[in-house]
Amino acid sequence: MSFGKGCHLHLIDGSAFIFRAYHALPPLTRKSDGLPIGAVSGFCNMLQRYVEGNNGSDAPTHVAVIFDKGSHTFRNDLYPEYKANREAMPEDLRPQIPLTRRATEAFNIACKEVEGYEADDIIGTLSVQARKAGGRVTIISSDKDLMQLVGGGVEMLDAMKNRLIDVEGVEEKFGVGPDRVVDVQALAGDSVDNVPGAPGIGIKTAALLINEYGDLDTLLARAEEIKQPKRRQTLIDHADQIRLSRQLVQLDCDTPLDFGLDDLEVRDPDPDVLLGFLAEMEFRTLTKRIAEAMDAEPPEIDDTPQDAPEADAPEMPEIDASTYEHVQDMDALEIWLKRIRAQGYVAVDTETTSLNEMQAELVGVSLATQPGQACYIPLGHKGEGEGDLFGSAALAEGQMPLEDALAALKPVLEDASILKIGQNMKYDAKVLARYGIEVSPFDDTMLISYALHAGLHGHGMDALSERYLNHTPIPIKSLLGTGKSAVTFDRVPVADAVKYAAEDADITLRLWTVLKPQLHRAQVTRVYETLERPLVPVLAHMERNGIKVDRDVLSRMSGAFAQKMAQLEEEIHELAGRKFNVGSPKQLGEILFDEMSLEGGKRGKTGAYATGADVLEDLATEYELPARVLDWRQISKLKSTYTDALQDHIDPDTGRVHTSYQQAGANTGRLASSDPNLQNIPVRSEEGRRIREAFVAPEGRVLVSLDYSQIELRILAHVAGINALKQAFKDGQDIHAMTASEMFNVPIDEMTPEIRRQAKAINFGVIYGISGFGLARNLRIPRGEAQGFIDRYFERFPGIRTYMDDTVAFGKKHGFVETLFGRKIHTPEIGASGPRAGFAKRAAINAPIQGTAADVIRRAMIRMPDAIAGLPCKMLLQVHDELLFEVDEGAVDDVIKAARDAMESAAEPVVKLSVPLTVDAGQGANWAKAH
DNA sequence: CCTGTCACG
DNA sequence: GACGTACGTGACAGGG
């Protein structure tokens with residue numbers, strides 16, 4: 001049937017369908033291979049419901065689903081920022097887009113797209129054509145941009161609200177008729193699409209003005225007549241911007257189409273094709289329903305999980321350092337940038353003078369676009385020779401000016417449509433940030449590996465290259481040397497640097513091609529996307545912030561400790577009857593167990609006596625010397641590790657200490673802190689806690705500490721489903737006292753500190769995968785007694801035992817355990833024999849609890865920049881369950897409120913915990929007071 | 001470089 | 001019955 005009078009065309013906005021389907025459904029995956037198919041499932045359901053609804057007298061004669069194609073349209077040429085604030089498409093949605101095209105075709109509905117045009121333009125063009133031919137059109141979309149098409153037989157159906165929008169509906173929404181919608185939009189702008197419009201003017205004002213002056217051109221021509229001075233000035237000042245906005249929102253109803261309306265005639269689907277597709281997607285319910293509706297036999301669905309191949313080992317050329325290019329001028333660099341723009345992704349690596357990002361100077365940048373296709377751009381290599389008096393030497397030959405190279409690289413590194421791939425991108429991003437470049441968006445092969453394989457192996461580049469590429473990278477030591485004679489990278493000859501640096505980028509790119517596709521199959525895309533990648537810029541900021549440390553406080557403490565140690569040493573030597581090195585466990589062991597013949601000397605595997613704190617504590621009840629050694633050790637530790645070492649970590653430029661967080665360091669999802677480690681600053685002993693007085697806020701500011709109260713026990717109560725514990729947390733009870741009361745039948749108000757202490761130890765023991773031996777040692781009670789406690793505990797809270805057994809069984813079956821947020825922690829040794837299995841089992845029991853807590857605080861940290869936006873405060877440190885902020889004095893209450901809220905709600909909406917999370921807050925001039 | 005020890009959650 | 005055992009980290013000193 002040729003399209004004409006009496007015909008009715010339905011135009012479905014495909015992208016709107018896809019996004020609605022994606023957001024409405026949980027992240028479903030195909031059972032056999034883990035392919036994400038949630039959006040496809042929703043899309044098919046929506047199409048099916050649509051088809052089912054088309055049985056009335058008003059059924060369409062023609063129909064098409066219209067999609068966007070290509071991210072670059074004529075609107076981007078007009079205005080590069082058009083839709084520039086759009087968030088990147090979620091990673092697990094991307095592979096589903098082609099499947100929605102196939103779904104449309106399976107339903108035998110025309111599926112149309114045109115390169116370089118938005119779906120809206122095609123919809124506009126077809127609507128105009130259909131109108132001219134005398135037919136009617138229904139646009140199925142809720143996109144307000146399409147409202148300009150309504151009228152003259154064209155109407156919109158908002159499928160979400162099931163509401164028909166005609167001319168009156170448009171007037172209700174925009175205050176003007178469809179023909180003036182673009183004028184109103186041009187004035188009001190659109191924050192979603194980043195259409196600027198006129199600042200300060202919204203839809204209401206815009207409609208008022210258009211209705212008064214007739215249309216936009218008249219309004220702009222007569223802008224001088226507007227009475228309100230501010231509004232008048234806005235329109236005069238922004239006339240060009242408003243005209244540009246109109247071009248952006250105006251649909252192009254002359255899109256070149258290679259098909260006609262007649263091609264869109266409604267066709268019945270072929271049952272074999274449609275059911276075949278649905279079965280391939282493994283949609284059981286939908287396949288059955290549609291088969292019934294079509295009166296056909298539903299096909300068999302085979303969704304037995306396929307063993308995924310070990311790696312997608314794509315064919316790659318051998319790694320060959322002689323093929324790497326040395327880029328030394330702008331012409332050569334431009335060729336690379338063009339290649340990157342055409343491709344849409346690039347692996348990047350930076351070479352610098354230091355591993356410390358705060359001080360590192362950029363020496364060069366390497367790029368890789370394809371396996372084997374990589375280059376190095378040297379920028380700061382020094383020439384031969386020692387240089388002048390100040391140690392600086394002239395730059396080596398074959399380098400382009402640093403500023404020129406960075407100016408050329410910046411647009412690419414910041415381009416929202418080009419993915420930058422790095423290994424440990426936090427490092428490169430921090431270095432580049434110091435040169436004014438904000439790298440975005442990015443992927444990080446280290447974090448991809450971590451999300452995939454935490455617990456299986458390390459995630460450094462060398463380890464990954466060995467494992468996945470069967471290649472040993474050029475060791476950096478071969479260029480820099482070791483020890484005292486080591487040089488910095490700027491002293492490496494350019495020719496050697498090209499091979500090393502370009503290889504790093506090449507390897508990174510190869511790792512990405514191997515590892516990235518595995519995220520979906522392992523079903524950890526959400527972990528990577530929501531817990532790993534967005535944390536990188538947050539940590540980078542915290543590290544750059546640093547915390548102020550008062551050198552004088554530390555220095556005074558060091559002096560006092562030195563005196564005390566000398567005094568103790570003298571006493572110890574006196575007690576021993578001779579001088580020896582108190583700091584040598586070997587010498588101490590000989591003194592104690594050979595010369596003084598004390599009881600309890602046990603030799604370790606090296607043949608030396610054990611002299612750990614537990615051993616010395618036992619001896620200290622009877623003897624003076626071990627007690628003094630314990631005192632000495634405590635002071636010695638505080639001095640060497642903290643009061644001395646911290647001073648060396650004060651950055652000369654900022655006067656602050658900048659730790660470095662390892663995001664892929666701890667198997668459970670916790671962070672690790674190093675250089676210096678600020679996650680183990682003393683707090684348990686009174687003397688140690690005073691070290692925290694050296695961590696201070698500058699004048700006019702205070703430190704604010706917020707920490708989760710008992711987060712791991714709360715998570716245990718949730719995952720093991722222990723109602724008594726849950727209730728106690730809901731009621732805000734003292735959880736250890738309550739445990740003690742339950743276990744030992746002591747009323748809460750008769751609780752003694754000793755009984756409570758024992759219950760507390762058991763509570764913690766459970767989190768660690770309790771054993772009679774471990775608890776006995778911790779509580780210093782006989783093993784049998786400890787075992788009795790544990791038995792009673794399990795009797796009282798049987799859910800704990802079930803949780804432990806189930807978790808170990810899960811680990812044995814799958815080789816990993818999971819947090820509530822889907823993070824996987826691998827447990828390869830759980831099936832081993834001997835003591836190793838014991839270790840692995842306890843680690844498996846602990847990992848989901850510790851890991852879930854780690855995920856929760858990660859989520860809080862990721863949301864924190866938004867939560868505290870606009871408040872005069874900085875997030876400085878994370879200590880597993882604590883976040884430390886530096887805040888302007890006047891804003892403390894606001895910050896505590898905002899940050900506490902973000903932390904307490906951090907699990908939501910993904911996980912709804914059956915226990916509340918609560919956060920304690922403190923503040924003060926230093927960390928000791930704030931904690 | 002490895003081991004023992006000890007600081008933190 | 002013996003084996004060994006609480007979970008997760010990082011830094012420092014001694015000693016080969």
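What you see is a predicted model, and the numbers here were worked out from it, not measured in a lab. In what follows, every heavy atom counts, from backbone to side chain, and hydrogens, waters and symmetry copies are set aside. So that the names make sense, note that chain A is the first sequence line, chain B the second, and so on, each numbered from 1.
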Please give the distance between the P atoms of B/dC6 and C/dC3 as a whole number of Å.
26 Å

Calculate the interatomic distance between A/Tyr708 atom OH and B/dG9 atom C1'; express it in whole Å.
15 Å

Over-ring placement of A/Arg792 relative to A/Phe794, 6.0 Å and 45° cut-offs
no

Expressed as a whole number of angstroms, how long is the span from A/Leu877:CG to B/dC8:C1'?
13 Å

Going by atom types only, do A/Gln359 and A/Ser354 share a side-chain donor-acceptor pair under 3.5 Å?
no

With no hydrogens and no angle check, do the side chains of A/Gln663 and A/Asn424 hold a donor and an acceptor under 3.5 Å apart?
no

Working for side chain to side chain donor-acceptor pair (under 3.5 Å), residues A/Asp594 and A/Tyr609:
CA-CA 10 Å; A/Asp594 290 341; A/Tyr609 289 110; 2.7 Å; yes

Steps toward side chain to side chain donor-acceptor pair (under 3.5 Å) verdict (A/Tyr793, A/Asn763):
CA-CA 9 Å; A/Tyr793 191 92; A/Asn763 275 334; 3.0 Å; yes

Nearest-Å distance, CG (A/Asp631) to P (B/dC6)?
12 Å

Over-ring placement of A/Lys639 relative to A/Phe561, 6.0 Å and 45° cut-offs:
no

Expressed as a whole number of Å, how far does the P atom of B/dG4 sit from that of C/dG4?
14 Å

I'd like the 5' and 3' limits of the part of DNA chain C contacted by chain A, with heavy-atom contacts below 4.0 Å.
C/dG4 to C/dG15

Between C/dA2 and B/dA7, how far apart are the two C1' atoms, rounded to whole Å?
34 Å

Distance-only donor-acceptor check, side chains A/Thr472 and A/Glu466, under 3.5 Å
yes

In whole angstrom, give the distance that lies between atom CG of A/Leu883 and atom C1' of B/dG9.
13 Å

Let's test your reading of the model: under 3.5 Å, does the base of B/dG9 pair with the side chain of A/Arg684 as donor and acceptor?
yes

Stem segments of DNA chain C by first residue number [Watson-Crick or G-U, under 3.5 Å, at least 3]
B:1-9 with C:7-15

Rounded to the Å, how far apart are A/Leu884 CG and B/dG9 C1'?
15 Å

